[in-house]
Structure formats: C-alpha cells, structure tokens
Amino acid sequence: QVQLVESGGGLVQAGDSLRLSCAASGRTFNFYAAGWFRQAPGKEREFVGGITWNSAITYYSDSVKGRFTISRSNAQNTVWLQMNSLKPEDTAVYYCAAGRPLGRASTDYDYWGQGTQVTVSS
C-alpha cells in the first residue's frame with residue numbers, strides 16, 4: 001500500500017511559480033513511478049507529467065513542457081512538481097499518483113492523493 005498526500009497549491013498570478021509536493025508513505029513507494037495529473041472544472045483528468053522510480057526518465061504533456069519540472073527523492077519519499085510561468089489555463093486540482101511502470105493514462109496508476117487546488121489569475 002502507498003498513501004499519497006499533496007500540498008503546496010494556492011492562488012497565484014499569471015507568470016508566477018509554484019511548487020507542489022507529494023509526500024508518500026509505504027515501504028514500496030521507491031519502486032513506483034510517479035505521475036502528476038490535473039482536472040479542471042467540467043473537464044476530464046489529464047496527464048501532466050511523470051517520473052520513473054529512479055528518476056532516469058521524465059516526460060510531460062505538450063501543454064506544460066518547458067514550464068513544469070518533476071523531481072523526486074526516494075530518501076524523502078517525496079515527489080515535486082515545479083511549475084513556472086503559470087497560465088490561467090493551468091488552473092485545476094492537481095493529483096499525485098503512483099504506479100508501475102510509468103504511463104500517461106490514469107488507469108496506469110494504482111494509488112492517488114486527494115488533490116490540491118491551483119488557481120492562476122490573469
């Protein structure tokens with residue numbers, strides 16, 4: 001079992017930066033890939049980016065590539081999502097997820113956090 005808790009969301013202005021954290025508990029987290037997803041009101045949950053268990057591979061959706069960066073520390077059982085140059089269209093609830101192997105679909109992930117709200121004003 002893996003439990004995930006996101007934090008770091010909030011209200012920011014366009015162009016600002018924000019860093020989300022995902023704290024994991026459970027001995028096996030280090031063997032899981034981690035992904036970030038987001039869901040805006042009235043829209044489906046979408047993949048933001050993901051990272052393999054050993055940080056060897058990261059990839060991102062086209063909408064955030066070059067602006068967002070995912071990193072992790074297995075020693076700290078934490079995954080981060082650094083978001084720069086935020087846009088109003090980045091407004092959503094952001095979710096952290098763990099699964100094996102790394103994938104882009106929500107069905108690729110077994111464990112989910114409760115989400116954290118990010119609101120970007122124009």
Side-chain angles (χ1 to χ4, degrees):
Q1 283 282 353
V2 176
Q3 292 80 42
L4 303 171
V5 179
E6 303 95 334
S7 62
L11 172 63
V12 297
Q13 293 186 332
D16 285 350
S17 297
L18 204 59
R19 188 174 82 156
L20 305 183
S21 298
C22 174
S25 59
R27 296 185 302 172
T28 60
F29 174 71
N30 291 353
F31 301 108
Y32 282 83
W36 286 95
F37 289 76
R38 66 186 182 186
Q39 188 167 19
K43 295 188 177 181
E44 294 187 355
R45 188 170 299 189
E46 67 168 338
F47 175 76
V48 173
I51 187 168
T52 51
W53 70 274
N54 60 355
S55 302
I57 299 172
T58 56
Y59 52 72
Y60 304 90
S61 66
D62 288 343
S63 61
V64 307
K65 195 176 298 181
R67 299 188 298 123
F68 291 11
T69 303
I70 296 174
S71 59
R72 69 186 292 168
S73 167
N74 288 340
Q76 298 180 54
N77 277 2
T78 303
V79 180
W80 295 278
L81 178 65
Q82 176 67 43
M83 305 185 293
N84 298 329
S85 303
L86 283 161
K87 305 175 181 180
E89 50 264 43
D90 294 319
T91 295
V93 176
Y94 283 71
Y95 298 90
C96 175
R100 292 185 291 193
L102 180 61
R104 295 178 181 267
S106 58
T107 52
D108 293 330
Y109 293 84
D110 302 309
Y111 302 102
W112 292 82
Q114 83 290 348
T116 185
Q117 176 70 47
V118 172
T119 303
V120 185
S121 64
S122 58

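Computed from a predicted structure; not experimentally measured.
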Co-members of the apolar cluster containing V5 [side chain, <4.5 Å]: none
So for atom CG, which belongs to L11, do other residues, nucleotides or ligands contribute more than 12 heavy atoms lying within a distance under 6.0 Å? yes
Are any of the side-chain heavy atoms of F47 and S106 separated by less than 4.5 Å? no
Do side-chain atoms of T78 reach the backbone of Q76 as a donor and acceptor pair under 3.5 angstrom? yes
Are the side chain of T116 and the backbone of G9 linked by a donor-acceptor contact shorter than 3.5 Å? yes
With sequence neighbours left out, what residues match R38 under salt bridge (Lys or Arg N to Asp or Glu O under 4.0 Å)? E46, D90
Looking only at heavy atoms, the pair that brings A14 and S122 closest together is CB-CA, 4.3 Å
Here the gap from N54 atom CG to N30 atom CG, rounded to the nearest 0.5 Å, amounts to 11.0 Å
Check the angle between the aromatic planes of W112 and Y95 and answer parallel, tilted or perpendicular using the 30° and 60° thresholds. perpendicular
May I ask whether Y109 and V93 are part of the same hydrophobic cluster, defined by side-chain heavy atoms of I, L, V, M, F, W, Y residues being less than 4.5 angstrom apart, directly or through others? yes
Would a distance-only check, ignoring hydrogens and angles, find a side-chain to backbone donor-acceptor pair under 3.5 Å from R72 to T52? yes
May I ask you to check whether over 12 heavy atoms, not counting those of Y59, lie within 6.0 Å of atom OH? yes
Distance only, no hydrogens: is a donor on one side chain within 3.5 Å (strictly under) of an acceptor on the other, for Q117 and T119? yes
Other hydrophobic cluster members with L81, side-chain heavy atoms of Ile/Leu/Val/Met/Phe/Trp/Tyr under 4.5 Å, chained? V2, L4, V12, L18, L20, F29, Y32, W36, V48, I51, Y60, V64, F68, I70, V79, M83, L86, Y94, Y111, V118, V120
S121 vs Q13, test: side chain to side chain donor-acceptor pair (under 3.5 Å). Steps then yes/no. CA-CA 5 Å; S121 64; Q13 293 186 332; 4.9 Å; no
Side-chain (E6) to main-chain (G115) donor-acceptor, under 3.5 angstrom: yes
What distance separates R19 CZ from T69 OG1, expressed to the nearest 0.5 Å? 11.5 Å
Crowded around Q114 CD? As in, over 12 foreign heavy atoms under 6.0 Å? yes
Hey, what do you get for CD (Q82) to OG (S71), rounding to the nearest 0.5 Å? 8.0 Å
